[in-house]
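To start, the structure itself, in structure tokens.
Small disclaimer: the values here were computed from a predicted structure and weren't measured.
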Amino acid sequence: MPKEIWINLPVSDLEAAKEFYTQSGFLLHEGSHDNENMAGFVVEDHNVRIMLFQEKMFKGITRNEVAKTSLGTEVLFSLSAGTREEVDSLIFRIQQAGGTVFADPGEQNGMYGAGFCDLDGHRWNLLVMNE
């Protein structure tokens, strides 16, 4: 059974995307996944990796065009948080790094969470499940 999930995302400006994810608090995975065409980030327990690829490289890998995030949602990634304060803190860092919040932190459907877009329009949720 697979032990990790790698979320592969196309980006228009790799350096700007790396700066955004670093400022937002994600951990850059130094080494083989960090070069002029791609960069990797790990999410706390290292079972989830966010891989950023220059659009040209991404198109070559997928053999498909890149979705236009300004026209629709390609996918919604959801990350769990331990507390409401973690959600609020990460959303603050996302905004400071230039991200867009599309759903302010708050309670909805038995969960506390928020939604944001990165610099390339990829959509993310942060959620805390209520006990």
Side-chain angles (χ1 to χ4, degrees):
M1 191 61 146
K3 299 195 180 356
E4 295 180 341
I5 183 169
W6 292 23
I7 299 170
N8 300 301
L9 299 173
V11 297
S12 58
D13 182 336
L14 183 59
E15 288 305 313
K18 283 172 53 176
E19 184 67 22
F20 169 80
Y21 279 94
T22 300
Q23 284 184 16
S24 297
F26 292 89
L27 304 171
L28 181 64
H29 182 264
E30 301 289 344
S32 63
H33 301 301
D34 185 15
N35 60 51
E36 69 276 356
N37 292 310
M38 63 185 284
F41 287 82
V42 292
V43 179
E44 288 195 29
D45 61 8
H46 294 251
N47 290 334
V48 175
R49 295 178 190 250
I50 301 168
M51 304 300 296
L52 307 176
F53 294 90
Q54 289 283 13
E55 284 182 355
K56 183 177 179 180
M57 184 178 186
F58 190 84
K59 285 164 64 170
I61 292 167
T62 62
R63 298 184 177 113
N64 203 359
E65 290 299 314
V66 173
K68 298 212 180 305
T69 57
S70 62
L71 300 178
T73 300
E74 61 186 333
V75 68
L76 177 63
F77 301 106
S78 294
L79 299 173
S80 64
T83 65
R84 292 172 178 235
E85 292 76 21
E86 284 180 35
V87 170
D88 295 343
S89 176
L90 186 52
I91 288 298
F92 176 78
R93 290 194 314 264
I94 295 289
Q95 289 175 306
Q96 296 300 304
T100 303
V101 174
F102 66 83
D104 289 325
E107 190 82 32
Q108 186 175 5
N109 300 322
M111 296 176 280
Y112 183 83
F116 71 91
C117 295
D118 67 12
L119 302 180
D120 289 279
H122 305 295
R123 289 180 171 252
W124 297 83
N125 268 337
L126 298 168
L127 302 169
V128 176
M129 302 293 194
N130 292 337
E131 297 295 321

I need the minimum non-hydrogen distance between Arg93 and Ser24, along with the two atoms involved. NE-O, 3.0 Å
List the atom of Gly40, the atom of Met51, and the distance in Å for their closest heavy-atom pair. CA-SD, 3.7 Å
Can you tell me how far apart [atom1] ([X]) and [atom2] ([Y]) are? Round to the nearest 0.5 Å.
X      : Y      : atom1 : atom2 : answer
Thr69  : Asp118 : OG1   : CG    : 8.0 Å
Arg123 : Thr100 : CZ    : OG1   : 9.0 Å
Ile91  : Ile94  : CD1   : CD1   : 6.0 Å
Leu79  : Leu90  : CG    : CG    : 8.0 Å
Asp13  : Leu52  : CG    : CG    : 11.0 Å
Leu126 : Arg84  : CG    : CZ    : 14.0 Å

State, with a plain yes or no, whether a side-chain heavy atom of [X] is found less than 4.5 Å away from one of [Y].
X      : Y      : answer
Trp124 : Ile7   : yes
Val11  : Leu119 : no
Phe20  : Asp120 : no
Asn37  : Leu14  : no
Asn125 : Phe102 : yes

Residues, nucleotides or ligands: over 12 heavy atoms within 6.0 Å of Glu4 CD: yes
When the ring planes of Phe41 and Tyr21 are compared, do they come out parallel, tilted or perpendicular, using 30° and 60° as the limits? tilted
Linked, directly or transitively: [X] and [Y] (ILVMFWY side chains, under 4.5 Å):
X      : Y     : result
Met38  : Val42 : no
Val128 : Phe92 : no
Leu27  : Trp6  : no

Backbone N/O of Phe58 and side chain of Thr62: donor-acceptor pair under 3.5 Å: yes
side-chain contact (heavy atoms from CB on, under 4.5 Å), paired with Pro10, selected from His122, Met57, Lys56, Lys59: His122
